[in-house]
**Q** 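A single structure is presented below for examination.
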Amino acid sequence: MPKDIPQLGCAKSPVLKERGQHEVFCGLTSIVWLHRKMQDAFFLVIGSRTCAHLLQSAAGVMIFAEPRFATAILEETDLAGMADVHEELDRNVSQLLSRRPDIKRLFLVGSCPSEVIKLDLATVAEKLSEKYFPNVNVINFSGSGIETTFTQGEDACLEAVIRSLPSSERTQLAVLGALPDIVQDQMMRLLNELGLEDIFVLPQINFDDEVSVGPNTHFICVQPFLGASYEEMVRRGAIPISANFPFGAEGTTKWLWAIAERFGVSKAVFDAVVAAPKLRAEQAIESVANDLRGKSVFFFPDSQLEIPLARFLSNECGMELTEVGSPFIHKSLVYADLEDLPSSTQISEGQDVDKQLDRVFDYDPDLTVCGLGLANPLEAKGLSTKWAIELVFSPIHFYEQAADLASLFARPLNRAKLLKVSA
Amino acid sequence: MKLSVWTYEGPPHVGAIRVATGMEKVHLVLHAPQGDTYADLLFTMIERRNHRPPVTYTTFQARDLGSDTASLFKSACHDAYNRFKPDLLLVGASCTAELIQDDPGGLAEALDLPVPVVALELPSYQRKENFGADETFFQIVKKLASPQPRTKNISCNLIGPTALGFRHRDDVKELEKVLQNLGIEVNVVAPMGSEPSDIVNLGAAHFNVLMYPETGESACRFLEKSLDQPFTKTVPIGVGALSDFIKEVEGITGLNDLQNRVDSRLPWYSASVDSTYLTGKRVFIFGDGSHVISAARIAREEIGFEVVGMGCFNREMARPVRVAAKSLDIEALITDDYLEVESKIAELAPELILGTQMERHIGKRLGIPCAVISAPVHVQDFPARYSPQMGPEGANVIFDTWVHPLVMGLEEHLLTMFREDFEFSDANGPSHHAAHQPAAAPKDIQPEEALSKGSSLNVIWMTDAEKELRKIPFFVRGKAKRNTERYAVDNGVLEISIDTLYEAKAHYAR
């Protein structure tokens, strides 16, 4: 069997759909990176002690400065209707804004309890926006675990932001998705070199009322989990650009070329711009890929980055895919990456964690990508794991990070080889 | 509604998970949305457990709410029993499921499983993590414990340790050694390390050792009442408390002369001359009630610190903490508001904080050294080495841990004498570790500003006096500043001069 030329194309393969216990974060977790990305924004979760505890546990090891998020914890009196929830919120918000006068954008974030008691945060946000106009812009979205999974929190946030944007006829490029600052700068340099000047990125680092959207806005996502934001952009008349996601040399090239094509950039100009960084990325990946080639990998559903990353590991690093699980598959976004996966790959959507654990032991992969709750228990059973959450927090997009991305997967394997003591 | 930046305790169902995870052959089915599964990482990451917590979350979604979350719970319960075959099943609801009122207890009952089922009531909008642990263990004990013939030799149960407890793993080991030296057998350690059959057998012990009132008191009270088992009230953290604990054990068992078998290095280390510099160091103590009460006694009686402030985040312990504070002529701070604790610390300007991971954070911001004495825990609180708080070794560990963040012995004097030496700046902090550098505090809150922030005193520092103040080493500067300001106010001085500074110094020296 010619193992080196696998048949590609997964978009029409049957997907294993599962509905059982999910072992994933809720959308509130997105706040952990969003609040760092948006420097004049504050995220106020209206929820329970569990929400506050989740945020500090998920953020615990990562926050070194005062966080720009907090939880308004619902208490017995709020639920029993003894306190007017809207008044209470009003009081909390004014307490917060007096402590942080630097805040320009306030996000009221819905949670499981606030959704279940049907707290109307949209109306509250509207009233507060009027009250604090023009100093603070108040927007609401839901990060609740009954509606959103992990990265879908960013999606819900951006969707709400897009809804609030003014309309315009401007011809421009919009890039959707939070990136580390240095990576965003690299991306902007490449796009500028291609001759594109009128570009905006969401989320914005600082609030800027110049940003607008309309029928001459062309947009592309830099993250695969932005399904609702994509829909909202289309609803506002913007025109989507579809491509592979910009992971690795190949993914980045295809992503950039899709934009170049749309804006009429010639192949010659394109090649001149990307040739050097592309070659650099390919060579850098090559040196890391030696540790990955021929190794098998299993993805638990986590961030929705799974399908594009599986494409990178398979096509650019020579890994063999077993099961690629994703909490949710937006086919319109990941179609190109699905089409580039070997057709033998088992794609799964949703989760029944106990059954999935049975399958991972059957596959016995060389590397398992999973959430923090599962990593150590799997390591203890002899599987090498990669924490999926690190993929959301590390710079992994575009040419200059291609080898870093490969290294994230190679490190657990190399570490296992390095250690001469057994646990 | 309460605005909260950080929280000291999780919700009550996290307490239930701590009990279930500590035990064997127990499974908890929790009616909860998917996000609540984050709790697993507390155990697998922070505590580095190599097993998943024995918890099945129903992970209902918005679309289930309209239809049938109850049957989802029933099937999750049924599947969990069949897969894990526990000897005891716990069922409960997290905060969101509490709102939809599916009655997990009744639903589980209807399944008619062949093992005992304990239905937990965990009021998420009123109570917190410690309550959840205490209540869960109490319900398990109430369900399973039954009268048993007492063991031939004198024996006890160790009650209270759970998964994710601050040093529980090592405290158990240390107490087992202490009791072994006293000639007392340990019948059962629970909840951590026990299985349901052990709980049935609790009644065989002659008495209970309540290690952690936060998580074990309800069970101990129940066992006292229903099985006639007395329990110890002193938490054996510190040399004095350990000695009282042994006296209590003597009283309960009728054994005597057990005292001379206690052996800790703390008393000699405290007596040795290098420790003179510890005298009267001003400390602020905050954490869970029982660790704070123990710490205050050690600080005052065994190390010779001055306790300038103390308090706890768990309201359940407010009364004993207030009593302990009163005996030190201070008022206890009972709050779970991190910002309130921060402003109290800023106001008091202690030289050392004995606190939790939160206070470590506060200390970093204010440039005050901190040693951790209590939960909430962090990955650092599960060290690879043996590191108990209880017993003789616990006292040794505490001495080292508390003294480590401070500038040591002669270095204090050298820093004062050679302040102008550019290579020997006190801004670098203690020389034996670079971790506590007050100069590296975040831009927005400089230590000096932070120290003055909490002061409601309306006085102005003249430039010369302020310069002079900066010549005082950082670890006593806060105290000098505070004393001077208070002296100025008391004497109607509005502008502080160099003279005011030294008049205040002389005044407080008396």
Side-chain angles (χ1 to χ4, degrees), chain A residues 20-29 44 46-54 56-58 60-61 65-67 69-79 83 85 88-89 91-92 95-96 111-113 115-117 144-147 149 354 371-377 379-381 423, chain B residues 1-7 9-14 32-46 48-53 56-65 76 79-80 83 94-96 98-100 123-126 128-129 339 357 364-365 376 378-379 442 444-445:
Chain A
Q21 181 185 323
H22 291 200
E23 178 85 20
V24 284
F25 286 133
C26 63
L28 294 182
T29 323
L44 180 63
I46 292 83
S48 64
R49 183 167 302 280
T50 315
C51 307
H53 198 235
L54 154 85
Q56 81 184 45
S57 306
V61 286
E66 170 149 337
F69 62 75
T71 310
I73 297 182
L74 293 163
E75 293 172 306
E76 198 71 20
T77 46
D78 302 305
L79 300 173
V85 177
E88 285 287 295
L89 250 178
R91 185 177 56 78
N92 274 283
Q95 188 188 344
L96 178 78
S111 66
C112 298
E115 295 294 327
V116 168
I117 64 169
S144 88
I146 55 176
E147 292 158 314
T149 301
D354 289 315
L372 295 174
L374 297 175
N376 271 334
E379 289 278 348
K381 295 219 156 135
Chain B
M1 206 175 279
K2 178 136 180 55
L3 191 62
S4 153
V5 181
W6 299 115
T7 157
E9 287 182 77
H13 70 260
V14 167
Q34 61 180 2
D36 291 2
T37 59
Y38 81 87
D40 283 2
L41 79 87
L42 303 171
F43 300 91
T44 64
M45 296 303 290
I46 295 178
R48 298 181 209 253
R49 284 197 172 248
N50 59 7
H51 280 85
R52 293 174 66 211
T56 296
Y57 305 82
T58 57
T59 60
F60 56 84
Q61 293 177 301
R63 62 175 175 223
D64 302 315
L65 289 177
D79 292 352
R83 177 174 281 267
S94 79
C95 48
T96 307
E98 187 183 335
L99 297 171
I100 58 178
S124 300
Y125 300 92
Q126 298 166 34
K128 287 174 250 170
E129 179 178 337
L339 297 175
Q357 287 297 335
K364 238 161 68 184
R365 287 167 59 99
H378 191 273
V379 68
D444 49 333
I445 299 204

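In what follows, every chain begins at residue 1, and chains take the letters A, B, ... in the order their sequences are listed. Quick caveat, the model's predicted, so the values are computed rather than measured.
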**Q** How long is the gap from CG on B/L41 to CG on A/L374, to the nearest 0.5 Å?
**A** 10.5 Å

**Q** Let me confirm one number: the OH-OG1 distance from B/Y125 to A/T77, rounded to the nearest 0.5 Å.
**A** 12.5 Å

**Q** What closest approach, in Å, do A/H53 and B/Y38 show between heavy atoms, and which atom pair accounts for it?
**A** ND1-OH, 2.7 Å

**Q** Quick check on A/T149 against chain B: is it the side chain, the backbone, both or neither that has a heavy atom closer than 4.5 Å?
**A** both

**Q** Tell me, for A/D354 versus chain B, whether the close heavy atoms (under 4.5 Å) come from the side chain, the backbone, both or neither.
**A** both

**Q** CD/A/Q21 to OG1/B/T37 distance, rounded to the nearest 0.5 angstrom?
**A** 7.0 Å

**Q** Among A/A52, A/G373, A/A375, single out the residue with the greatest number of heavy-atom pairs under 4.5 Å to chain B.
**A** A/G373

**Q** Counting only non-hydrogen atoms closer than 4.5 Å, does A/L89 touch chain B with its backbone (N, CA, C, O), its side chain (CB onward), both, or neither?
**A** both

**Q** Looking only at atom types and distance, does a side-chain atom of B/Q126 sit under 3.5 Å from a main-chain N or O of A/E76, one as donor and one as acceptor?
**A** no

**Q** Residues two or more places apart in sequence or in another chain: which of them pass side-chain hydrogen bond (donor to acceptor under 3.5 Å, both in side chains) with B/D40?
**A** B/Y57

**Q** B/A80, B/P12, B/A32, B/C95: which one forms the most heavy-atom pairs within less than 4.5 Å of chain A?
**A** B/C95

**Q** Count the heavy-atom pairs under 4.5 Å between each of A/P113, A/S111, A/P377, A/G371 and chain B, then report the option with the highest count.
**A** A/P377

**Q** Non-hydrogen atoms of chain A under 4.5 Å away: do they reach the side chain of B/D64, the backbone, both or neither?
**A** side chain

**Q** Regarding B/T7 and A/Q56, do their side chains bring together a donor and an acceptor under 3.5 Å, going by distance alone?
**A** no

**Q** Taking the side chain as every heavy atom from C-beta outward, state whether A/T50 and B/H13 have any atom pair closer than 4.5 Å.
**A** yes

**Q** Applying side-chain hydrogen bond (donor to acceptor under 3.5 Å, both in side chains), can you list everything that pairs with B/R48, at least two apart in sequence or on another chain?
**A** none

**Q** Non-hydrogen atoms of chain B under 4.5 Å away: do they reach the side chain of A/L74, the backbone, both or neither?
**A** both

**Q** State whether the side chain of A/E75 and the backbone N or O of B/M1 hold a donor-acceptor pair below 3.5 Å, judged by distance alone.
**A** yes

**Q** Kindly indicate whether the side chain of A/N376, heavy atoms from C-beta on, has any atom under 4.5 Å from the side chain of B/M45.
**A** yes

**Q** In Å and rounded to the nearest 0.5 Å, what is the NZ to CD distance from B/K2 to A/E88?
**A** 11.0 Å

**Q** For residues B/G35 and A/L54, report the shortest heavy-atom separation together with the two atoms involved.
**A** O-CD1, 4.5 Å

**Q** Do B/T96 and A/S48 come within less than 4.5 Å of each other through their side chains, counting heavy atoms only?
**A** no

**Q** Measure A/V116 against the heavy atoms of chain B and call it side chain, backbone, both or neither at under 4.5 Å.
**A** side chain

**Q** Ignoring hydrogens and angles, tell me if any N or O in the side chain of B/T59 forms a donor-acceptor pair with the backbone of A/E23 under 3.5 Å.
**A** no

**Q** Using non-hydrogen atoms only, which part of B/L65 is less than 4.5 Å away from chain A: side chain, backbone, both, or neither?
**A** side chain

**Q** Under a 4.5 Å cutoff for heavy-atom pairs, which residue among A/C26, A/C112, A/A70 has the most contacts with chain B?
**A** A/C112

**Q** Under a 4.5 Å cutoff for heavy-atom pairs, which residue among B/S94, B/A62, B/P33 has the most contacts with chain A?
**A** B/A62

**Q** Between B/R83 and chain A, which part of the residue has a heavy atom less than 4.5 Å away: side chain, backbone, both or neither?
**A** side chain

**Q** Which heavy atom of B/L42 sits nearest to which heavy atom of A/S57, and what is that distance?
**A** CD2-OG, 3.4 Å

**Q** Out of B/E9, B/Q357, B/K128, return the one with the most heavy atom pairs under 4.5 angstrom to chain A.
**A** B/K128

